[in-house]
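Everything quoted here is computed from the prediction, not taken from an experiment.
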Amino acid sequence: MAKAPVLTPRGDDFPRWYQDVVAKAELADNGPVRGTMVIRPYAYAIWERMQAELDRRIKATGAENAYFPLFIPESYLRREAEHVEGFSPELAVVTHGGGKELEEPVVVRPTSETVINSYFAKWVQSYRDLPLLINQWANVVRWELRPRLFLRTTEFLWQEGHTAHATEAEAAAFAERILGEVYEDFMVEVLAIPVLTGRKTARERFAGASNTLTCEAMMGDGKALQMGTSHELGQNFARAFDITFSDETGSQEHVWQTSWGVSTRMVGGLIMCHGDDAGLRLPPALAPTQVVVVLVRAEDGAGEAAATLRDELVAAGVRTSLDDRLGTSFGRRSVEWELKGVPLRVEVGPRELADGVVTLVERHRGTKTAVALAEVVDRVGSSLIEGQRHLLAEATRLREERTVEVATLEEALDAASSGFARLPWAVVGEEGERRLAERGLTVRCLVRADGAGIAATEEDLVAVVARAY
RNA sequence: CGGGGAGUAGCGCAGCGGUAGCGCACCUGCUUUGGGAGCAGGAGGUCGCGGGUUCAAAUCCCGUCUCCCCGACCA
């Protein structure tokens, strides 16, 4: 007798499937205030793994962590014209404090360019103080009318980097370096999500930036998700906040700046890129638990064998947990671990133990293999590596299958309804972007036709058009 | 803000004038345990809120609040 599916099948109703995964894998709940999110322990563990991997890469660029306040004087936001214009519709503003109306309202940070730069102005005096490379891990608030857990919430967690440089070229190079060495490397190597790196059009650019670079991924339904951005701010904020330094010749110059961020939205991207009808599928490099040793039944020394195996795997450096909840049925436990996307299950029970083997179950393929006890640690190691590769290859193949080259805007309108459409940027233009927007499509990014690196000029660019989250 | 729906147990819903219900989840016990266990028992509710009509309101009327879905911005 077939049970009802655990989740709404992905192909039936993708948004519903997404919500089911978030609920059943115990990732998050809606908060009491509309648009807010409670991140449950399992999703928070995933976020902590993301933080650890990113933080290491960020520090490798020379950036240091610091922390700036949640509250920002409203007047600070106004100092940069485009910035305030971009953010004012989604600001949360505090008008009362200590039981009294405040003389100047404070905003809850939607991003920290303004506060951080007001301190950069104090800290930067000389070219010897540059580059100044600061990162912070923080929560930010952007009031959202149409929230979706992880993808678009009123409050979210992120990392925001802010840097100041002596020259435009150095700032531009740093923004590219973050995009490539930190974000793209992390997304491809750890999340196993292939991303396109490119430039945003003026229409899609960050409010206050002179250039925005982006990592764009394709989700399981063919829609695009912006996974991270890195901005060149030019001297816009340096002028607004008077961040100047004396160069080697003693003349006063404004600094050139960057800012860059990735957020808990990546958790949503992870779900939608790798998830299947059985739930989440976590890439081994990211998974908080890489292997769960499942004790099927405790008879005939199986309990001891399972505990020993867990210890051996831990000793081998594998993130391992033991599931010996014998009061819960084996089937239910299997379903739970599949929902949570743990890459490997090692099932230990008396029946197979009698033959000196255990069952290795690979989440990424769904395969089950009998493995001799003595070989388990080795097999787990190679299977984790293979699983990581498999997820990246599968996601890459799916993206390629759903990407088409087109020559006209009309063709793009049609093709981008189910994936990515690539066409010359010269064919689109700002007028074309407006027409795409009418049909719910956007230019996700501009890439070089030859695929080599990030494009610096407007010439010979290819626009990638898609529906987006 | 414009259009369309819905508020009843933790979740999903039925009931639409006459004792507050169902499925899942939860608790207890027994039997189970190799792919969401079975049986028995149990707990859980100002039916969004305020007013009105009525012998009697979850149900009818008025008001109000909230939430969800579809159209313009965003990590």
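B:G36 atom C1' lies 12 Å from atom CZ of A:Arg325, rounded to whole Å. Atom-to-atom, CD of A:Glu26 to P of B:G36 comes out at 19 Å; the value is rounded to the nearest Å. Here B:G12 presents its C1' atom at 15 Å from CG of A:Leu7, a figure rounded to the nearest Å. Nucleotide B:C69 holds its P atom 12 Å from the CZ atom of A:Arg16, rounded to whole Å. Following rounding to the nearest Å, A:Arg345 (CZ) and B:G34 (P) show an atom-to-atom distance of 13 Å.
Taking 4.5 Å as the limit, some side-chain heavy atom of A:Arg379 sits within range of a side-chain heavy atom of A:Thr369. By the 4.5 Å heavy-atom criterion applied to side chains, A:Val262 and A:Trp158 are not counted as neighbours. Looking only at side-chain heavy atoms (C-beta outward), A:Gln159 and A:Trp260 come within less than 4.5 Å of each other.
Pairing partner, B:G12: B:C22, with both Watson-Crick or wobble hydrogen-bond distances short of 3.5 Å. Across every strand in view, B:C1 sits in a pair with B:G71 that passes the Watson-Crick or G-U test at under 3.5 angstrom. Using the Watson-Crick or G-U wobble rule with both distances under 3.5 Å, B:U66 pairs with B:A6. Checking B:A40 for Watson-Crick or G-U wobble geometry (two distances, each under 3.5 Å) identifies B:U28 as its partner. In this structure, B:U54 forms no base pair with any nucleotide, since neither Watson-Crick nor G-U wobble geometry is met with both distances under 3.5 Å. B:G35 makes up no base pair with any nucleotide shown, lacking Watson-Crick or G-U wobble contacts both under 3.5 Å.
Between A:Gly327 and A:Glu204, the residue anchored nearer the 5' end of RNA chain B, judged by the nucleotide with its closest heavy atom, is A:Gly327.
Comparing the same atom, C1', in B:C13 and in B:A58 gives a spacing of 14 Å after rounding to whole Å. Between B:G12 and B:U28, the distance separating the two P atoms is 25 Å to the nearest Å. Across B:C39 and B:A25, the matching P atoms stand 12 Å from one another, rounded to whole Å. Of the C1' atoms belonging to B:C60 and B:G15, the separation is 16 Å, rounded to the nearest Å. Comparing the P positions of B:G3 and B:U19 gives a spacing of 39 Å, expressed to the nearest Å. B:G7 and B:G17 have their P atoms separated by 16 Å, given to the nearest Å. B:G48 and B:A57 have their C1' atoms separated by 16 Å, given to the nearest Å. Nucleotides B:C26 and B:G44 have their C1' atoms positioned 9 Å apart, rounded to a whole Å.
If you check every strand for non-hydrogen atoms under 4.0 Å, A:Thr153 touches a base. Using a 4.0 Å heavy-atom distance criterion, A:Gly261 is classed as making no nucleic acid contact. Note on A:Pro110: nothing from the nucleic acid sits closer than 4.0 angstrom, heavy atoms only. In this structure, A:Glu352 reaches the bases: a heavy-atom distance under 4.0 Å links it to at least one base atom across the strands shown.
Residue A:Arg351 has its side chain nearest to B:G34 when only B:G34, B:G36, B:C74 are considered. When the nucleotides B:A75, B:G34, B:A37 are ranked by their closest atom to the side chain of A:Arg332, B:A37 comes out on top. If you check B:G35, B:G36, B:G34 against the side chain of A:Arg297, the one that comes closest is B:G34. Counting only heavy atoms from C-beta on, A:Val335 has its side chain closest to B:G36 among B:G34, B:G36, B:A75. Closest to the side chain of A:Val296, out of B:G35, B:A75, B:G34, is B:G34. When each of B:A37, B:A75, B:G35 is scored by its nearest atom to the side-chain atoms of A:Ser329, the top-ranked nucleotide is B:A37. The side chain of A:Glu338 has B:G35 as its nearest neighbour among B:G36, B:G35, B:G34. Proximity note for A:Glu347 (side chain, C-beta onward) versus B:G35, B:G36, B:A75: the nearest is B:G35.
Residue side chain A:Glu336 does not reach the base of B:G36 through any donor-acceptor N/O pair under 3.5 Å, judged by distance alone. No donor-acceptor contact under 3.5 Å links the side chain of A:Arg333 to the base of B:G34. Residue A:Ser263 places a side-chain atom within donor-acceptor reach of the base of B:A75, judged by atom type and a 3.5 Å distance cut-off alone. Residue side chain A:Lys368 does not reach the base of B:G34 through any donor-acceptor N/O pair under 3.5 Å, judged by distance alone.
The aromatic rings of A:Tyr76 and A:Phe241 sit perpendicular, their planes meeting at an angle over 60°, well past the 30° parallel limit.
Counted by atom type alone, A:Ser259 and A:His231 present zero donor-acceptor pairs between their side chains at under 3.5 Å. Counting only N and O atoms by type, the side chains of A:Glu155 and A:Thr36 include no donor and acceptor under 3.5 Å apart.
Here A:Phe156 counts as stacked on B:A75: its ring centre is under 5.5 angstrom from the base ring centre and the planes meet at under 30°.
Distances shorter than 4.0 Å separate some side-chain N or O of A:Arg203 from OP1 or OP2 on B:C73.
A side chain to side chain donor-acceptor pair (under 3.5 Å) with A:Thr359 is found for one member of A:Glu352, A:Arg345, A:Glu347 and no other, namely A:Glu352. Partner A:Glu394 forms a salt bridge (charged side-chain N to carboxylate O under 4.0 Å, His left out) with one of A:Arg365, A:Arg399, A:Arg281 and no other, that one being A:Arg281.
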